[in-house]
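First comes the structure, then the notes that go with it.
What you are looking at is a predicted structure, and each value in this text was computed from that prediction instead of being measured. Numbers restart at 1 for each chain; the letters A, B, ... are given by sequence-line order, proteins then strands.
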Number of protein chains: 2
Amino acid sequence: MDRNGTQTRESTGQRIESVLLDDIAAGLLQPGERLDETKLASRFGVSRTPVREALSRLTAQGVLVTGDKRGVRVAQYSREELAQMFEAMQEIESICARLANQRLTLLARSEIESAQDDCRTAAEAADRIAYIRANEALHFAIYRATDNPYIFELASDFRRKTGPFRAKKLETKEDLVASVASHEDLLAKIFSGDSQVAVDGMRKHMTESFMRVLAANS
Amino acid sequence: MDRNGTQTRESTGQRIESVLLDDIAAGLLQPGERLDETKLASRFGVSRTPVREALSRLTAQGVLVTGDKRGVRVAQYSREELAQMFEAMQEIESICARLANQRLTLLARSEIESAQDDCRTAAEAADRIAYIRANEALHFAIYRATDNPYIFELASDFRRKTGPFRAKKLETKEDLVASVASHEDLLAKIFSGDSQVAVDGMRKHMTESFMRVLAANS
DNA sequence: GAATAATACTTTGTATACAAAATCAACCCA
DNA sequence: TGGGTTGATTTTGTATACAAAGTATTATTC
């Protein structure tokens, strides 16, 4: 019953949850879009029960919201909400920058630099999708460098929620190249000897990033 | 069907979720304790379906974990994990302290002080449960004073997850009184003119608090 | 008496069925 | 024509039933 031969450890509900999460992160499901239990059930060829379970959990994660009207929808934010969200994200990423700076191991540094290389490659090839993936990996690598799984999870959660909006700001090759340059600068600061420099660098990076996001979501 | 007369907007599943969350936060359900769907269903006088929904969402929130063995359990952490968790919490609470300090409105300050009054009353009455509730309310008031709902949610989530462990450290009346005094000091710093003082105050408070938690969970 | 196999009993996951609530639509009356 | 009301339809929430996967227990054999 498992397509890759291994024993299926995850239930149908969990499978649906991760597929949906993927669809949302990739922008296949737009913010505000409504999700119909029955339609999803028939799409996955199951009953409503596991679908409901998946939707329920995604709602608990804040990826979906139970709208004031009917049905659950992909979370959607006003500019005001977006601003608050990015403020929170900026704070968290700043913490990550400081901790990463203070605790950086060679392995962590190598992972970060490797991700940055992937970003550069994707940007030069103007491959938007690959760039977004590499960019995510880079930030995850920084989170991981904090050596604190809870902070990692925290930061990752935010990144998931803001994913659809950040994606919008990276349209042209110039956007990608500019982003790489911004990261180059950021990493130098994180690798510096001064954690305050790292924090300030991350703050600056996030502010720049957010300005582009706001411009793209106006 | 609603105790406060207003129309009941929440489903049975949501009701069960919040009751369970409350039980966990209050330490009524111990870390590691197993939750049986069928037993809960009969306890609440409902079928397994809404219970499963509640458990599923609580799992998504990280309050419960689906153990390697059978059934879901209240999340349980090693000392190492606890330390990492509190480190994350300290960082977040520090952010809250800074933002609350910078943005404090009269209303927010009044809410915080009112919660502190409740803490004092409960401590003097040596009412452990009431104290825990009031203490939670106090911290939530500080989170709310950041005027950022995402940071509020973030901090609240952590507080939920660490609830059962923090509960343990408050056994005797002396514990409660000491906690009130610690908060008194903290609030003075949050209400001060200097946000760095607020941050340092919160760091100190969290460190003290954590030390007691670690001692109680050893 | 110990180890392994077989069986019974939990427990979990999914499906189906049904009831209640909300939305939509048509209709009627002013 | 407009506002509201009633009826129909969709949608959500809950219950029950069933099947599959574990876990424990008993029995049997060496």
Length of the [atom1]-[atom2] vector between [X] and [N], whole Å:
X     : N      : atom1 : atom2 : result
B:K39 : C:dT12 : NZ    : C1'   : 14 Å
A:E37 : C:dT16 : CD    : C1'   : 15 Å
A:R48 : C:dA17 : CZ    : P     : 13 Å
A:E17 : C:dT14 : CD    : P     : 12 Å
B:F44 : D:dA15 : CZ    : C1'   : 17 Å
A:R15 : C:dG13 : CZ    : P     : 15 Å
A:I16 : C:dG13 : CD1   : P     : 13 Å
B:L40 : D:dA15 : CG    : P     : 14 Å

**Request:** Scan A:T38 against the nucleic acid and name what it touches under 4.0 Å (heavy atoms): base, sugar-phosphate only, or nothing.
**Result:** nothing

**Item:** Short side-chain N/O contact to D:dT14 OP1/OP2 from B:S47, under 4.0 Å
**Value:** no

**Side-chain N or O of B:T49 closer than 4.0 Å to phosphate OP1/OP2 of D:dA15** = no

**Message:** With the threshold set at under 4.0 Å for non-hydrogen atoms, list the residues of residues 50-62 of chain A touching DNA chain C in residue-number order.
**Reply:** A:P50

**Prompt:** side-chain hydrogen bond (donor to acceptor under 3.5 Å, both in side chains) with B:R203: which of B:Q90, B:E91, B:E93?
**Reply:** B:E91

With a 4.0 Å cut-off, would you call [X] and [Y] a salt bridge?
X      : Y      : value
B:R133 : B:D22  : yes
A:R57  : B:E17  : no
A:E33  : A:R73  : no
B:E153 : B:R159 : no

**Asked** Is it the case that B:N148 and A:Q84 place a side-chain donor and acceptor less than 3.5 Å from each other?
**Response** no

**Message:** With a 3.5 Å distance limit and no angle check, can you tell me whether B:S42 reaches the backbone of B:G45 through a side-chain donor-acceptor pair?
**Reply:** no

**Message:** What's the closest nucleotide to the side chain of B:D36 if the choices are C:dA15, D:dG13, C:dT12?
**Reply:** C:dT12

